[in-house]
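So the structure is just underneath, and the comments pick up after that.
Note that these values count all heavy atoms, side chains included, but never hydrogens, waters or copies made by symmetry. Quick caveat: nothing in here was measured; it's all calculated off a predicted structure. Numbers restart at 1 for each chain; the letters A, B, ... are given by sequence-line order, proteins then strands.
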There are 2 protein chains.
Amino acid sequence: MNDIRPIRATSGTNHEGTSAHNRRVIIDALRLNGALSRADLARATRLTKQTVSNIMEELENDGLVTSRETVRRGRGQPSTPYSLVPEGAFAIGLQIDRHITRAIAVDLVGNVLIRKEANLPAGGPATGTPVVLQLVEDVRSELKERVAQAEKRLVGLGAAMPGPFGIEQEDADNPWMMGAWQRFPLLETLSAGTGLNVTLQNDAAACATAERMVGAAHGLDHAVCLYVGYGIGAGLILGGELYSGAHGNAGEIGMALLTSGGRQTQLEHRASLASLYDHLGVDPMAPDIYSLIDKRAAADDPDILTWIERAAIDLRWSVQLIETIFDPQTVILCGGAPPALATRLMAAMQPLLPSNADRPDRLLPRLQLGMTDPWAVARGAAAEPIGHAFDPRFQAILKS
Amino acid sequence: MNDIRPIRATSGTNHEGTSAHNRRVIIDALRLNGALSRADLARATRLTKQTVSNIMEELENDGLVTSRETVRRGRGQPSTPYSLVPEGAFAIGLQIDRHITRAIAVDLVGNVLIRKEANLPAGGPATGTPVVLQLVEDVRSELKERVAQAEKRLVGLGAAMPGPFGIEQEDADNPWMMGAWQRFPLLETLSAGTGLNVTLQNDAAACATAERMVGAAHGLDHAVCLYVGYGIGAGLILGGELYSGAHGNAGEIGMALLTSGGRQTQLEHRASLASLYDHLGVDPMAPDIYSLIDKRAAADDPDILTWIERAAIDLRWSVQLIETIFDPQTVILCGGAPPALATRLMAAMQPLLPSNADRPDRLLPRLQLGMTDPWAVARGAAAEPIGHAFDPRFQAILKS
DNA sequence: CTTTTAAGTCAATTGTCTTGACTAATTTGT
DNA sequence: ACAAATTAGTCAAGACAATTGACTTAAAAG
């Protein structure tokens, strides 16, 4: 009667769960491999030809896949490859950063159709929310114009902003943080303001999602993206899925403490674009800052080079730490740094520190350069709702 | 014809996969909640009463669950709770450490039935393997004597030893490592020598498995076990599963570099029992070392206290790092340290460094003391095959 | 030009969960 | 004391989705 202890259990599954899983497995295989015939899919997924045929028919009717020209591969009946239809699904990606907000529209295969940005006024969510909502609305209506049936195939809005979320912030007005935004119920506001499914993640996680869907982590099950943006963080692909921790704050290595040059500070204060701007004495609000940094880096500006030297020390340490702790297949350097800066930073990080990643059976480079354009976070944010709708995941199998 | 590119895809599933998953979900719910009625299980797993009834009948026939006395809980027909039968499954756990090897037999609910240990002679696997195999055989035959049908319900042998595995070791004879064992095909040797299913993991991971099954991480989905043994490592429970990384080396934080007292060293060289033995100048091979350390710690031996002070600094940093990177629900300090030492170490680590784990909605302590007896690793190793046989996991759903 | 091989379909079957009606056992309210 | 309400659990039929095996189609090899 008064026995109201909650019972802990995983959800069971049923036929619908099975079916949903198999559909997702097939879509995922097509995304990973480009185009595959029904027979190929049957072998790859270990389903029977018949099951694959049934699912493919469904997917074709749903407008998610389409057949291509038959190909002859030796003996036997030629096969008909199928590939994903880019127009099968759309998503909007939104990045909210310190001084700027960006929104994009992407399709099922990750093509960016529309990109728009706007400056965020000082004043936090109170003044920023209308700007953000307007930007999303602009992208959405342009998408509607350009693609007739886009609206009903819009699977959601993925938002990304710097973390961490939900912690007790003593230093609420620390300029490295975005305290006001982080305490603001952004998810609910966006959801109410757009009527879409909204997901929220931190910017490093979004970058990792982008790298996994269309970048250097494509098809990898264990990869860590070291995100160097205004702040620094790590996006974690662990066991084939993005890992966010218990409260969405996993990978926030910017707050890791390190002793460098005799003083103990946070990693973020030494290796991030913010620390670069600080070092150079430039205004992060400047509209042309991206090209400015790119040009100065390309010209091997001595001030930039000294920052690179210093940051590389801490980034080398970070890579060694990440390899030691996560044992990934590869580490990917990504973020909003301009190409000239990113390549120089990559070079300055070599040689990497010795670590467990030195293996005789290693296939991939220990460190790779990933997407480093300012739109990477928005792309990853947009990839989230699409991935959520179509990835085979544990969650997908459970009863709804 | 020559198109032999491998196709990447997740496996699909079928009815058998569904059923296997649901069986595992039910067993897991019983393990987590003790005893539950069929109706309770149906609600908790979101399966129908009928499905649960069918599965329970099967499980009862298989000897894995048994009914208990009916209980009246208010109105309606009294319910019949079911609980796991301890004798439903057995597993052997094996720990191989620097100077010693331990083997235990456990049952389905984690009771330790038999424990045996042996000193490992110097000389690595060549001389050690016979000792290890004999120890396992001793445990196995005693189990056979004590429980008639144990042999056919023996689900496997779980082995644990210090990592990392499979890396290029320049310092093959570094005494902190176990290079010879780590290069040795232990899994194959044990498998051939016993005919059992064998799994291998590092000692910190085994400890985490133990904590999850019967300890402080019971029922948690995000927990990190900071394992302080002869070496130091972290066992990772991420998203409800043990995470091992791409090559089984995730969590090997002993190799993390830190700058402490002006010098850069590995964490392992400062906070581990090996460093304590070194500090005290005692021989790690001494047979009574565990009780010796326990006694000296209980007597607040000044040499031990200075080590604790120093180690606590680095452990505080480790906890802050773990919280920053993994965002777990809790961190658990465990390992082979004697109780008197472990409690003093816990105390010396307070107060913890500020971190993202300072949350207003926090439910569990940031740091908890877990199992700290020398048998914890063997228990965790033994839990692995049982968990593998009965946990609802993603793998379980895929087609075999 | 026959044989072999592979892609893909058709129709029947099988495995597993769901549904709805039922029985059983207990408490609550009159 | 007895009817009504409530909860546990069963029975039998149905629905869903994958499997099976025989078949058709189309190409290469001998």
Quick one: [X] [atom1] to [N] [atom2], roughly how many Å, whole number?
X        : N       : atom1 : atom2 : result
Glu57(B) : dC11(D) : CD    : C1'   : 12 Å
Leu36(A) : dA7(C)  : CG    : C1'   : 14 Å
Asn54(A) : dT19(D) : CG    : P     : 10 Å
Ile55(B) : dT16(C) : CD1   : C1'   : 9 Å
Arg38(B) : dA8(D)  : CZ    : C1'   : 10 Å
Glu16(B) : dT19(D) : CD    : P     : 8 Å
Leu41(A) : dG8(C)  : CG    : C1'   : 13 Å
Arg73(B) : dT7(D)  : CZ    : P     : 11 Å

Distance-only donor-acceptor test (3.5 Å): side chain His15(B), base dA18(D)
no

Tell whether Gln50(B) reaches the base of dC17(C) with its side chain through a donor-acceptor pair below 3.5 angstrom.
no

Distance test, side-chain N/O of [X] to OP1/OP2 of [N], below 4.0 Å:
X        : N       : value
Thr70(B) : dA8(D)  : no
Thr51(B) : dC17(C) : no
Thr18(B) : dG15(C) : no
Asn14(B) : dT19(D) : yes
Arg43(B) : dA8(D)  : yes
Asn22(A) : dA18(D) : yes

Let me confirm one number: the CD1-CG distance from Ile27(A) to Leu108(A), rounded to the nearest 0.5 Å.
7.0 Å

How far does CG of Asp221(B) sit from CZ of Arg8(A), to the nearest 0.5 angstrom?
6.0 Å

Measure from the side chain of [X], starting at C-beta and using heavy atoms only, and say which of [options] lies closest.
X        : options                   : value
Gln77(A) : dA28(D), dG8(C), dT16(C)  : dG8(C)
Arg72(A) : dT10(D), dA18(D), dA28(D) : dA28(D)
Ser79(B) : dA7(C), dA8(D), dT26(C)   : dA8(D)

Result for 5'-nearest mapping on DNA chain D, choosing between Tyr82(B) and Pro78(A), is Tyr82(B)

Base, sugar-phosphate alone, or nothing: which one does Arg23(A) contact when heavy atoms must sit under 4.0 Å apart?
nothing

Residue mapping more 5' on DNA chain C - nearest nucleotide basis, Lys49(A) or Thr48(B)
Lys49(A)

Inspect the surroundings of [atom1] in [X] and state if more than 12 heavy atoms from other residues, nucleotides or ligands are less than 6.0 Å away.
X         : atom1 : result
Arg362(B) : CZ    : yes
Gln149(B) : CD    : yes
Glu58(A)  : CD    : yes

Between Thr18(A) and Thr18(B), does a side chain to side chain donor-acceptor pair (under 3.5 Å) hold up when you go through it step by step?
CA-CA 7 Å; Thr18(A) 309; Thr18(B) 309; 2.7 Å; yes

